[in-house]
Structures are given as structure tokens and as C-alpha cells.
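Each remark here refers to the structure printed beneath this line.
Below, read A as the first sequence line, B as the second, and so on, with proteins coming before strands; counting in each chain starts at 1.
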Protein chains: 2
Amino acid sequence: MTLLNQIREPSFKLSKSAKKVAEVILQNPDEVIHSSVAKLAVLSKVSEPSVIRFCHKFGCTGFPDFKVQLAQSLATAMPQITRDVDENDSLETMIEKIFDSTHATLQLTQAASDLPSIEKATDALAQANSILFFGLGASGPVALDAQHKFFRINTPVIAHLDILNQRMTSANLTSRDVVVCISYTGRTIALIETARIAKKCGAEVIGITSPNSPLAKECSIVLEVETPEDTDMYTPMTSRIAHLVLIDVLVTAVALKRGPQFSEHLLRIKESFAETRINKAEF
Amino acid sequence: MTLLNQIREPSFKLSKSAKKVAEVILQNPDEVIHSSVAKLAVLSKVSEPSVIRFCHKFGCTGFPDFKVQLAQSLATAMPQITRDVDENDSLETMIEKIFDSTHATLQLTQAASDLPSIEKATDALAQANSILFFGLGASGPVALDAQHKFFRINTPVIAHLDILNQRMTSANLTSRDVVVCISYTGRTIALIETARIAKKCGAEVIGITSPNSPLAKECSIVLEVETPEDTDMYTPMTSRIAHLVLIDVLVTAVALKRGPQFSEHLLRIKESFAETRINKAEF
DNA sequence: AAAATATATGTAATAAAATTACATAATAAA
DNA sequence: TTTATTATGTAATTTTATTACATATATTTT
């Protein structure tokens, strides 16, 4: 865990003066990394040794060391949540903004990721008789990607990208099936209804979607991806990338859960590719 | 530009002793951020004031300030290129590794991104009569995602995910068409041949693929995505995420190039979604 | 090529910052 | 209430950073 988060952590018991110091640091960390012990002591209204003791509490050898670590933790802290692309951005800054936004989305998603939910989801997936991925519109490709990945680890999986197939399949599910509904907003009516049907059939319904959305309420397990309110027109939908990474997590977890006997299967798949490819050596 | 890169920058004229200092810093920056002036002076075999002068040269107010900035620049520097997932990783560390790898891939891709190529690609796409996205296997969903995004900015676009359709379409292209071939390895024989056919027809062939791959050689414009050699079995294919972000860049660039009259079109699309969704307000 | 000027580097003094030792106050336990 | 424990601050000390100045090195001009 990064230093900044450690300071935030309320479970870390701090003395009265230490709290004051923490307060000031969290309030304006940018200023603190350029301050001296004396300055921080004055700002927090404590003595200089108290500041140093504070640093030691967080495993730093001293104040300079603390500053350095704080600076690092600050640099990895969330960048500008979303930097909307502007009509008169240069190509270069546009690229920068898009990459930045993607990094930010990933960080948010990781920070918000709920271990128990992921655990539950992988358990369900690992035991499933069959796995269904449902996505519409922009989430269609995501569902397809999931299908591809689960297929590679030898799982009975299908992705459906249209309402009809989704609904037809849902109506015939059993408690041994798992449905994963992927939706950016979690407000697409058709998908919500499908989720409801699937749940009624007793299937496990996993949602990769926006927290507290109508879809989320229909799901038995929710993997939350924060949706930054539809900001600008040109803002790319970075959240679908978060969805993909979450699917990476699920696939990997399931593969690991199945253990080493499956690496053999993966190897076989890799070999089957060989003849469709130009080998690096012969090229 | 980050401090570390500034120090690397050879155009920055440095004096003899300054060079020695730079050398040491670049060699082991992690150690430097925990050193004192004296220590760094000894390591670089210069006097202490020389070290401080060095700091001033890079716009720092002093050595502590320099350390802090170096620490920040170090934190944003490329993380471990790929952290392979291990069979006995906890769920938590596995998640961490996957996210880290994704960040790293993105950073690599951004660093390697070639502005002129992207410029050329967007020009071609903006003027194209029709745009084709070709992808096989894991790149299928990527092609589909591209289709979806370009469709949203009202472009005549189709994605083909199977060899037959790809080849059929390629044979009938004209110089006003643009094909985008997406391939992780750039060694899938079928796709390489398709690219060749398309080029023969005079179409512009853009490749989103591994540099210097056979596919890359068949393309008129290449957007390179480094493929970290197929490391571990469980390593997720983070590069497809890099592909997606590159497509974000292309779409956004094309949309911007078309100018404001197109935002109107985007608005219309957004409105057309309204009735398929549960509104946030009424929920 | 020598002198003059500018630039770079180091030595030693000085200032600033961080840390420690110790004393005192606050708090909790007996 | 007393005693032990913990927290905090004052003042001394040490370490670290910086500056002023002198010397050396390189560059330009005559």
C-alpha cells in the first residue's frame, strides 16, 4: 500500500499530535513534499520531534526519506480523473489525454475492486456448467473478448451480442449456469430484463457494470466499474477497458483455480496455432 | 517532460562534472533519492557544490527539491515490464500484477507511438470511402470494437472477423478504401495474405501490430505495439488493450478532424439511446 | 601564441535542517 | 491517589545543504 493511503487508513492508531500532522499532510501533500520539518511542525502546530516521530511511525528512516516516499506515492496517485479532449488539442496532447484517462480509469477500477465479490465470481465461474457473456452496443466486443479468453481455458462459454439470443438463452438456464452481464451504464432496459429472467431460472448472474445501477440490483454478484458521468462528446469510453481488465482477472483466477493440469491444455492450444503462423525463426 | 528524461536528454549541454553526476543518477536513481549531497558527490567524484549546481541546472531550488522531483519522476517511470502471474499468488497480488502489466503495456505503447504514422493513419481514415477492420482470434473483438466506435462517428465501416469475408472484401477494394489489420503477433499467415491482396488493389493498409513483423512489412502505415515475448502461460494479453487505446486515438482524431458539425451527429446518436435506457433521474 | 575573459570546479566557512537526549506533561492502570 | 506508561516539547547536537570565495580550466581576442 502506498504511503498516502497508509496515512489515510483510519485503523492506524495515531496520537493526538500525529493526527494533526496527518491532517496537514493529507490536506496539502504537494506543499509538504517541499517543506522542512520546521515548516510542517508549524503548520500542524506540533513540535519538530513530533513530526519526525510521525515519519518513523510509517516506517521511514527520517523526514527526508518520508518526503521522498510521499512524493512517490503522490506521483502514482490518481491523475486528473478525466482529461476531456478538446477541439483544438494538438494530436500529441490528444494522445496524452487519452492515455492518461485510461490509466486513471484503471486505477479507479483497481481501487474500487472488491476482493470478496471477485472471489465469489471466480468460484461461480470455475464451477459453472456453462458460462454466458451478454453485452450490447459497446459492450458487445467486450463480451466477445471474454468468450475468446474463456474458450482458451477450455470452458463451455458463449457470448451473445443481441437481445433475442440473450433472452432465449436466459429462459432456459439452470442453477448450474453463470451469466455475466456487461454494461457500461447498467441502464439498458433489455439487458436488465434478461438478467431478471436469468435470475428467476436460478442462474448465477454476475454484473460488470456501474455501481448502484438498475442492472447491478438484478445481479447476484456485482463487479463495479465507476462510470465517470458522460462528460465530453469526444471522451473515449475508457470504462470498457476497465471491463476487459476485469475479465482478464476473472479468466486468470479461474485458470489458476483449476491448477496445473490445465497448463497442459493451454500448451496444446498454443501448439495448434503454430501452423497458422509464420515462425519467428524462419522469418 | 519528467526530470529523469530531462537528465537523459543529450541536447542538454552539461559540464564535465555535471555529466559525472548525471551518469551516477541515471545508473542508480533509487539509491540517489535516499542519499545526501555528500554521498552523491563522492559517488560521482565531484565536489558537493557541483552536485548542487547540477540540481539548479534542472530548475530545482536545491538538492532536497531535486530528490523529491526525481522520486516523482521515478514513480511514473515504467513499472516492471511484465509481472507474470504465479500459481501461488493470492487473488490480491494477482489483481495487482494484471493491472500493473496493463499500465506498463500502455506506457510502452504511448512511448513508442509515432506521431507521423498516426497522423497519416487518421488522414487516410478521415478521407476513406469505406473502412474495414480485420482481426482474427483475440483481435476479433478489437476489430468489432473499432467498428462500433467508427460507426458512432457516422463512418462507413465494417469489421470482418473471419478469413473468408476478409479475403473476399479485400479483393474488391479501391484506392479510396482503408483497411486496418489488427494482429498481436503480426505472424498470422491468413491476415498477411489478406493485407497483400488489399495493397495490390491499391487500398491503404494500416497495421496495428508488432514492429518488424511480416504483417508490418505488408502495410503502408504501421502503428506499432510492442509484443512482450509470450512469457508465461497465464500472462494476460495486455497488448489487445493497447490496440484498443490506439483505436480510441484514431477515432478521436478522425472525429476532431471532421470538426464541430459532427458533434451534432454524436448528439443525435446519444438521444437515440434514450428510450432503450432507464434514466438516472427516474431511477 | 599570449593575454584577457569567461566558465567551471573545488575548498572552506556558514547557514539551515534534521535528529537526539532529556525533561515535563498527559494519560491509563493499579 | 499513586505509579507506570505514553506522549509531547525544549534545547543541545549532529548532520546536511548552501554560499562565498579562490583556483583552475577552457575560450576568445588581439
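Using Watson-Crick or G-U wobble geometry with both donor-acceptor distances under 3.5 Å, D/dA12 finds its partner in C/dT19.
An OP1 or OP2 oxygen of D/dT10 is reached within less than 4.0 angstrom by no side-chain nitrogen or oxygen of A/Ser47. Between B/Ser50 and C/dG10 there is a side-chain polar atom (N or O) within less than 4.0 angstrom of OP1 or OP2. B/Ser15 has no side-chain polar atom (N or O) that falls below the 4.0 Å cut-off from OP1 or OP2 of C/dA8.
Within the 4.0 angstrom heavy-atom criterion, no nucleotide atom of any strand lies near B/Val51.
Position along DNA chain D of the nearest nucleotide to B/Ser36 versus B/Lys16 favours B/Ser36 as the more 5'-ward residue. Taking the nucleotide of DNA chain D with the nearest heavy atom to each of B/Pro64 and B/Arg53, the more 5' of the two is matched to B/Pro64.
Going from atom CG of A/Leu40 over to atom P of D/dT8 covers 14 Å, rounded to whole Å. Summarising the geometry, the separation between NZ on B/Lys39 and P on D/dA17 is reported as 11 Å, rounded to the nearest angstrom. Nucleotide C/dT19 holds its C1' atom 15 Å from the NZ atom of A/Lys67, rounded to whole Å. Atom CD1 in A/Ile52 sits roughly 17 Å away from atom P in C/dC22 (whole-Å rounding). Put simply, NZ on A/Lys45 is 17 Å from C1' on D/dG9, counting in whole angstrom units.
Salt bridge status for A/Arg240 with B/Asp248: present, with a side-chain N to carboxylate O gap under 4.0 Å.
With a 4.5 Å cut-off on side-chain heavy atoms, A/Val205 and A/Glu218 do not count as touching.
Closest to the side chain of A/Phe63, out of C/dT20, C/dT11, C/dT19, is C/dT19. For B/Glu48, whose side chain is taken as the heavy atoms from C-beta onward, the closest listed nucleotide among C/dT9, C/dA18, D/dA17 is D/dA17.
Of the options A/Leu223, A/Ile221, A/Leu215, a side-chain contact (heavy atoms from CB on, under 4.5 Å) to A/Cys219 is made by A/Leu215 and by none of the others.
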Requested in this report: Apply the test side-chain contact (heavy atoms from CB on, under 4.5 Å) to residues B/Ser210 and B/Thr185: give CA-CA distance (whole Å), side-chain angles for both, the deciding distance (0.1 Å), then the verdict.
Outcome: CA-CA 6 Å; B/Ser210 169; B/Thr185 58; 5.9 Å; no

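Distance alone, capped at 3.5 Å, is enough to place a donor-acceptor pair between the A/Ser73 side chain and the A/Leu4 backbone.
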